[in-house]
There are 2 protein chains.
Amino acid sequence: MAYTYEYPRPALTVDAVVFAFDDQDLKVLLIQRALAPFAGKWALPGGFVHMDETLEAAVRRELKEESGLGNVFLEQLYTFGEPNRDPRGRTVSVAYYALVKLADHQLVASTDAKDAAWFPLTDLPPLAFDHERIVKVARRRLQGKVRYQPIGFELLPKKFTLSQLQHLYETVLERPLDKRNFRKKILAMGLLIDTGEIQQDVSHRAARLFAFDQKKYQALEKKGFNFEI
Amino acid sequence: MAYTYEYPRPALTVDAVVFAFDDQDLKVLLIQRALAPFAGKWALPGGFVHMDETLEAAVRRELKEESGLGNVFLEQLYTFGEPNRDPRGRTVSVAYYALVKLADHQLVASTDAKDAAWFPLTDLPPLAFDHERIVKVARRRLQGKVRYQPIGFELLPKKFTLSQLQHLYETVLERPLDKRNFRKKILAMGLLIDTGEIQQDVSHRAARLFAFDQKKYQALEKKGFNFEI
DNA sequence: TCAAAAGTGTTAACCATACACCCATGC
DNA sequence: GCATGGGTGTATGGTTAACACTTTTGA
């Protein structure tokens with residue numbers, strides 16, 4: 001079967017930069033390509049957009065197929081359309097970035113023959129296509145957005161300690177934060193719920209576990225409140 | 001001539017939300033469509049992406065063809081890909097927003113049989129396709145971006161008064177600003193050059209004309225300076 | 001001389017920053 | 001008892017916000 005058009009059309013793909021945080025550093029999900037071009041190379045998860053699905057649906061489908069990930073935070077990043085970014089011919093890619101809670105999605109199972117794995121953001125292998133550039137843009141966006149939108153919580157388990165949260169911010173922003181000032185500020189917003197629970201199985205004083213109060217945030221947001229770190 | 005592919009492909013277009021400021025309010029450039037669908041309706045300038053041009057080049061070409069505008073500030077906004085946004089069939093549109101200095105581009109001459117005109121952002125006619133939504137997204141982006149990037153100057157003539165600048169910010173942000181605090185803050189940044197000139201032909205005390213110091217901004221930016229209103 | 005907008009400082013409240021020690025727990 | 005991270009308050013400097021009158025100019 002074939003499809004014919006009066007004028008030529010670029011191919012349309014989606015790609016995703018999936019971030020996760022393991023209490024040490026930021027990770028990015030990569031897929032090892034089985035086919036040419038760039039066979040054997042690592043690349044961002046992604047693929048062609050079907051005719052009847054939204055762009056976001058296409059990303060979610062590809063993430064599911066290639067890595068088993070479902071139900072993640074997803075936001076459009078940028079559309080890359082340089083004429084020569086794909087050696088097979090003109091291909092425009094709408095890139096998204098995703099944030100996942102590592103604990104919820106420990107297993108990355110690949111449906112295809114491809115391999116999927118987490119890599120530290122600071123130590124990625126060479127990537128296929130212009131994917132290095134896409135990762136760079138995503139990193140910058142995350143860095144900018146984390147400061148004035150409460151998206152950091154998407155990278156932590158539902159219940160987390162203040163130290164985990166601080167460490168996440170320090171990692172994303174690439175600078176140290178003062179412990180007392182950080183706690184003061186974040187607690188003053190009143191958006192964290194003290195679950196009453198504490199850490200288990202740690203070999204030192206156990207920290208309290210907090211949860212982000214999504215509902216309260218949405219209510220405050222409507223009233224003009226601005227989250228800011 | 002026809003083009004055939006193994007799998008179906010969406011059509012790919014670009015659209016632009018072009019903003020201008022006339023010392024009263026924000027304007028948006030619209031084109032009256034000559035052809036179906038939506039013949040006679042107003043729409044954003046835009047059109048199909050050619051196979052050998054970048055997305056940005058496509059926007060610039062369309063702006064030139066449809067309105068005569070050249071050499072404008074342009075930034076990618078968002079990509080709209082709902083399956084039914086175009087009645088002719090699946091069409092994905094990469095939207096950009098542009099900022100132009102009205103004075104530099106007073107004339108909007110249309111090459112096609114189409115009509116081009118400026119409309120107040122707050123009083124747009126019904127638009128074709130999902131262009132109302134695109135304008136809304138662009139307005140929000142402009143509102144957010146103007147506060148921490150010196151893009152407001154793209155909407156003013158090269159030489160402007162502090163009142164013009166303040167009025168622009170008040171219009172974009174939709175809230176009044178204190179005159180003394182505004183001047184103090186903006187002058188403290190040291191990014192405005194006093195041209196030594198003053199307004200001409202005004203029936204009251206003439207204001208000094210300032211210019212934005214692009215070079216100094218770029219130098220400061222590299223050293224970690226953050227513009228902020 | 002009137003109308004219209006330009007230009008100009010001070011004070012008080014708030015917010016960001018810097019900084020060091022004791023506490024609880026498991027080994 | 002020691003190693004590890006948890007938890008806590010204050011003082012200072014800087015930033016923002018509120019606020020009203022005089023000056024210049026052309027009509």
Side-chain angles (χ1 to χ4, degrees), chain A residues 21-25 146-148 156-157 159-171 173-211 220 223-229, chain B residues 21-25 146-148 156-157 159-171 173-211 220 223-229:
Chain A
F21 183 64
D22 70 350
D23 285 357
Q24 280 308 115
D25 46 26
V146 83
R147 291 192 42 205
Y148 61 93
L156 292 177
K159 298 173 185 179
F160 50 84
T161 69
L162 293 179
S163 290
Q164 278 180 299
L165 185 62
Q166 180 179 345
H167 190 187
L168 167 62
Y169 274 97
E170 289 178 329
T171 305
L173 299 176
E174 299 183 291
R175 64 185 164 93
L177 300 172
D178 179 87
K179 183 159 68 158
R180 279 178 288 192
N181 293 337
F182 180 80
R183 284 164 186 244
K184 214 184 310 171
K185 186 161 189 176
I186 205 100
L187 290 174
M189 286 195 255
L191 290 173
L192 295 191
I193 300 165
D194 186 340
T195 64
E197 297 170 53
I198 58 169
Q199 274 182 316
Q200 299 299 324
D201 304 316
V202 287
S203 70
H204 52 76
R205 178 171 174 181
R208 305 176 118 176
L209 293 171
F210 290 86
L220 285 175
K223 292 180 196 148
F225 167 83
N226 280 314
F227 179 91
E228 196 180 334
I229 290 293
Chain B
F21 183 65
D22 71 350
D23 284 357
Q24 280 309 116
D25 46 27
V146 85
R147 291 191 44 206
Y148 62 93
L156 292 176
K159 298 171 185 181
F160 50 85
T161 69
L162 293 179
S163 291
Q164 278 180 299
L165 185 62
Q166 181 180 345
H167 190 188
L168 167 62
Y169 274 97
E170 289 177 329
T171 305
L173 299 176
E174 298 183 292
R175 63 185 164 92
L177 300 172
D178 180 87
K179 183 158 68 155
R180 279 179 288 192
N181 292 337
F182 180 79
R183 285 164 185 243
K184 215 183 310 170
K185 186 163 188 175
I186 204 101
L187 289 174
M189 286 194 256
L191 291 173
L192 295 191
I193 300 166
D194 186 339
T195 64
E197 297 170 56
I198 57 170
Q199 272 183 316
Q200 299 299 321
D201 304 315
V202 287
S203 70
H204 52 77
R205 178 170 175 181
R208 305 175 120 177
L209 292 171
F210 291 86
L220 285 175
K223 291 178 196 149
F225 168 84
N226 280 314
F227 180 90
E228 196 180 336
I229 290 293

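Note on naming: letters A, B, ... go to the chains in the order of the sequence lines (proteins, then strands), and numbering restarts at 1 for each one.
- If you take CZ of B/Phe182 and C1' of D/dT15, they are 17 Å apart, rounded to a whole angstrom.
- Taking atom CG of A/Leu209 as the reference point, atom C1' of D/dG6 lies 12 Å away to the nearest angstrom.
- Put simply, CG on A/Asp178 is 14 Å from P on D/dT8, counting in whole angstrom units.
- Taking 4.5 Å as the limit, some side-chain heavy atom of B/Tyr169 sits within range of a side-chain heavy atom of B/Val146.
- When rounded to the nearest whole Å, the span between CZ of A/Arg147 and P of C/dA16 equals 11 Å.
- Applying the 4.0 Å criterion to OP1 and OP2 of C/dC27, one finds that A/Ser203 has every side-chain N and O outside that range.
- Taking atom CD1 on A/Ile198 and atom P on C/dA24, their separation rounds to 12 Å, with Å as the unit.
- A salt bridge is absent between B/Glu197 and B/Arg208; no separation between the charged side-chain nitrogens and carboxylate oxygens falls under 4.0 Å.
- A donor N or O paired with an acceptor N or O is found under 3.5 Å between the base of D/dA18 and the side-chain atoms of B/Asn181.
- The shortest distance between the side-chain N/O atoms of A/Arg180 and the OP1/OP2 oxygens of D/dG9 is not below 4.0 Å.
- Not a single donor-acceptor pair, N or O on each side, falls under 3.5 Å between the base of D/dT16 and the side chain of B/Lys184.
- Atom CZ in A/Arg208 sits roughly 17 Å away from atom P in C/dC23 (whole-Å rounding).
- Ring geometry for A/His167 versus A/Phe21: interplanar angle over 60°, hence perpendicular rather than tilted (30 to 60°).
- Residue A/Lys185 places no side-chain atom within donor-acceptor reach of the base of C/dT17, judged by atom type and a 3.5 Å distance cut-off alone.
- For B/Lys179 and D/dT23, the NZ to P distance is 14 Å, given to the nearest whole Å.
- As judged by a 4.0 angstrom heavy-atom cut-off over every strand, A/Thr161 is placed among residues making no nucleic acid contact.
- Nucleotide D/dT24 holds its C1' atom 12 Å from the CD atom of B/Gln199, rounded to whole Å.
- Of the listed nucleotides (D/dT23, C/dA4, D/dG6), D/dT23 has the atom at the smallest distance from the side chain of B/Arg205.
- Summary of the strand contacts: A/Val202 and B/Arg183 both lie near DNA chain C, and taking for each the nucleotide with the nearest heavy atom, the more 5' one is attributed to B/Arg183.
- Looking only at side-chain heavy atoms (C-beta outward), B/Leu177 and B/Arg175 come within less than 4.5 Å of each other.
- A 4.5 Å side-chain heavy-atom check between A/Phe227 and A/Leu191 finds at least one atom pair inside the cut-off.
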